[in-house]
Engineer: 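I'd like to ask you about the structure that follows.
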Amino acid sequence: MAATERKLPAPAISPETEPYWQAASEGKLLVKRCQNCGETHHYPRSICPHCGSDRTEWTTASGVGTVYSYSVMRRAPVPYAVAYVTLAEGTTMFTNLVDCDLDRLSIGMKVRVVFKPTEGGPPLPCFTPA
Amino acid sequence: MSIKGKAYIAGIYEHPTRLARDLSLSQIHAEVAAGTLADAGLTIKDVDGYFCAGDAPGLGPMSMVDYLGLKVRHVDSTDVGGSSYVLHVGHAAEAIAAGKCRVALITLAGRPRAEGMATGTVPRSRGGTPTPDEPFEFPYGPTVVNMYAMCAMRHMHEFGTTSEQLAWIKVAASHHAQHNPHALLRDVVTVEDVVNSPVIADPLRRLDCCVITDGGGAIVVVAPEIAAKLKRPKVRLIGAGEAIKGQMGGKVDLTYSGARYSGPAAFAEAGVTPADIKYVSIYDSFTITVLMQLEDLGFAEKGKGGRLVADGNLISGVGKLPFNTDGGGLCSNHPGNRGGLTKVLEAVRQLRGEAHPAVQVKNCDLALAHGTGGSLGLRHGSATVILERE
Ligand SMILES: [Zn+2]
């Protein structure tokens, strides 16, 4: 039970998603928006998963959202919370809830993005109570 | 073209082991293949189609066909996790209906216990070229348990489902498992036992989870003219459906599974409704898995699954919807962390009248088996088959 800090592995970066991780390094959360159907999506793709158009563009998200669901992993060296957060822009992303009391989380909770360092990679967008 | 009535399940076999320290993975595949062929009254020489999934060693069927000494003209290694083998039954019927094979062998084996695998509580990267989703998920620590737990959390939030209702699913499985001499967990448990077991990932507790076991099983699917010559009771496939459900580009909805699509497809092909079904085998990686699938398959309105499963309604001889009468993955067996094949096996036992007498459903002439593979909270395969005793 020595571990007190959880280490986050680095995400694998591909040419398709490199701008997302570059922005994360600059403290910005990007989402993809489709110029054809107007929908946002996550995780980011070059081709829109809602309509098949290649006219997708990166947009900077406000970084605020609400918790759609969550679960605290109790059986881990350092307990942690996975969550789906629905962004103000409408798309829902898989993430972690951090810098919070793990016993006081709830669905519908307002959260804002924070970036947490990974082991040798760009930081990960996580969320904390707003 | 429909597969209705075009194929029969002629042989089934479940390996009795739950801890296979002294067996190789390929050896388990060979033993279950021999077991199911013996059950059918066929031999390895009769097999002309082979089906396996990601649990088989090597690249798809190549090593296994060679190792088993098969001479086949049709192979299929579609891998949709634990639901693969339910899907394979449907695919085997399609191949038989198209004349591509007449005796299809499906095998499954695994030894996660012998290998000391941390099955449900450690995030796993597949290695190699990452899937497109992996960079956006793996670093956050998704495990099997916490992803199913998020489905349970949302279900409770939207519909008022309770931990006690989920617990009844384990209780029912344990009532059945007490009669299965091979079941890993044979003690009958109570709702209190389940809700007082330690939390693994909120809101799922230890007894909401399935067992981790080694072992395997196999199925033989045959053409009608082959089935006619065999001595075993005749079980024919009358409907099959399959689906993949994921995050839908960020329109995430954790309240339903791909069974919402695979179920109605299978029912439509079979020409029957949920009310006609006498017995169900439902994938039970976790209690919440069962509850959501039962709703999505049409056995309860969405959100009312908690009431359906409570108060012993899933216990054979007690309730109205007997399920997983072998003890299922929750108590008996989840070989190789892939529980779809054993779902088909118990459905066939029920239709043959060969389930344990204490759990045998009376006049069981119509059964459903359903599998969910992968992760309910990330992306998963769903496969449904409807089987009829002739
Ligand atoms: Zn679009």
Side-chain angles (χ1 to χ4, degrees), chain A residues 6-14 16-17 20-21 31-32 34 39-45 48-51 67-76 78-87 89-96 102-103 105-108 116 118-119 121-126, chain B residues 118-158 197-206 208-209 246-255 286 288 375-379:
Chain A
R6 182 167 157 249
K7 288 193 164 62
L8 299 172
I13 299 171
S14 76
E16 190 178 8
T17 59
Y20 178 91
W21 298 112
V31 293
K32 268 288 182 91
C34 175
E39 299 264 17
T40 51
H41 72 259
H42 184 85
Y43 54 91
R45 287 97 152 156
C48 174
H50 301 303
C51 77
V67 174
Y68 171 79
S69 193
Y70 72 95
S71 175
V72 178
M73 187 67 200
R74 305 281 175 184
R75 203 172 150 161
V78 183
Y80 62 97
V82 291
Y84 276 112
V85 166
T86 304
L87 301 177
E89 289 72 20
T91 197
T92 299
M93 65 181 284
F94 182 58
T95 187
N96 284 163
L102 294 179
D103 295 324
L105 300 174
S106 62
I107 288 176
K116 291 291 168 185
T118 62
E119 293 181 293
L124 276 185
C126 298
Chain B
T119 293
T121 50
V122 173
R124 274 180 275 167
S125 168
R126 288 171 201 84
T129 303
T131 53
D133 42 79
E134 185 177 308
F136 301 91
E137 293 168 7
F138 175 67
Y140 293 108
T143 66
V144 179
V145 187
N146 62 14
M147 294 313 300
Y148 281 75
M150 279 212 285
C151 297
M153 192 70 90
R154 185 73 199 182
H155 207 280
M156 290 175 166
H157 174 79
E158 282 200 32
S197 63
V199 173
I200 305 294
D202 301 293
L204 296 181
R205 296 170 167 84
R206 188 161 196 268
D208 285 299
C209 306
Q247 296 167 333
M248 302 180 290
K251 298 183 187 225
V252 174
D253 189 337
L254 298 183
T255 64
F286 299 94
I288 184 64
S375 176
L376 203 56
L378 292 169
R379 54 199 59 76

Engineer: Is it the backbone or the side chain of B/Thr129 that comes under 4.5 Å from a heavy atom of chain A, or both, or neither?
Structural biologist: neither
Engineer: Is it the case that the side chain of A/Thr92 and the backbone of B/Val252 share a donor-acceptor pair, with hydrogens and angles ignored and the cut-off at 3.5 Å?
Structural biologist: no
Engineer: Measure distances from A/His50 to the heavy atoms of chain B and classify the residue's part below 4.5 Å as side chain, backbone, both or neither.
Structural biologist: side chain
Engineer: Is A/Thr118 close to chain B through its backbone or its side chain, or both, or neither, when contacts mean heavy atoms under 4.5 Å?
Structural biologist: neither
Engineer: Chain B heavy atoms under 4.5 Å from A/Glu16: which part of the residue, side chain, backbone, both or neither?
Structural biologist: neither
Engineer: So, using salt bridge (charged side-chain N to carboxylate O under 4.0 Å, His left out) as the criterion, who are the partners of A/Arg75 when residues are at least two apart?
Structural biologist: none
Engineer: Determine the sole option in B/Asp202, B/Ile200, B/Val145 for which the side-chain contact (heavy atoms from CB on, under 4.5 Å) test with A/Arg74 is passed.
Structural biologist: B/Asp202
Engineer: Contact part of B/Met248 toward chain A, heavy-atom cut-off under 4.5 Å: side chain, backbone, both or neither?
Structural biologist: backbone
Engineer: If you look only at pairs with a residue in residues 135-148 of chain B, which of them pass as a salt bridge (charged side-chain N to carboxylate O under 4.0 Å, His left out), with sequence neighbours excluded?
Structural biologist: B/Glu137-B/Arg379
Engineer: Using only atom types and a distance under 3.5 Å, with no angle test, would you say the side chain of B/Tyr140 pairs donor to acceptor with the backbone of A/Val82?
Structural biologist: no
Engineer: Measure A/Pro11 against the heavy atoms of chain B and call it side chain, backbone, both or neither at under 4.5 Å.
Structural biologist: both
Engineer: Does any backbone or side-chain atom of B/Pro142 lie under 4.5 Å from a heavy atom of chain A? Answer side chain, backbone, both or neither.
Structural biologist: both
Engineer: For B/Met150, does its backbone N or O pair with a side-chain atom of A/Ser71 as donor and acceptor, under 3.5 Å?
Structural biologist: no
Engineer: For A/Thr86, is it the side chain, the backbone, both or neither that has a heavy atom under 4.5 Å from a heavy atom of chain B?
Structural biologist: neither
Engineer: With a 4.5 angstrom heavy-atom cut-off, is it the side chain or the backbone of A/Pro79 that approaches chain B, or both, or neither?
Structural biologist: neither
Engineer: Against chain A, label B/Leu378 side chain, backbone, both or neither, depending on which of its atoms sit under 4.5 Å from a heavy atom there.
Structural biologist: both
Engineer: Which atoms form the tightest heavy-atom contact between A/Tyr80 and B/Gly141, and what is the distance?
Structural biologist: OH-O, 2.6 Å
Engineer: Checking A/Tyr84 against B/Gln247: is there a side-chain donor and acceptor pair closer than 3.5 Å?
Structural biologist: yes
Engineer: Report which part of B/Pro198 has an atom under 4.5 Å of a heavy atom belonging to chain A: side chain, backbone, both, or neither.
Structural biologist: neither
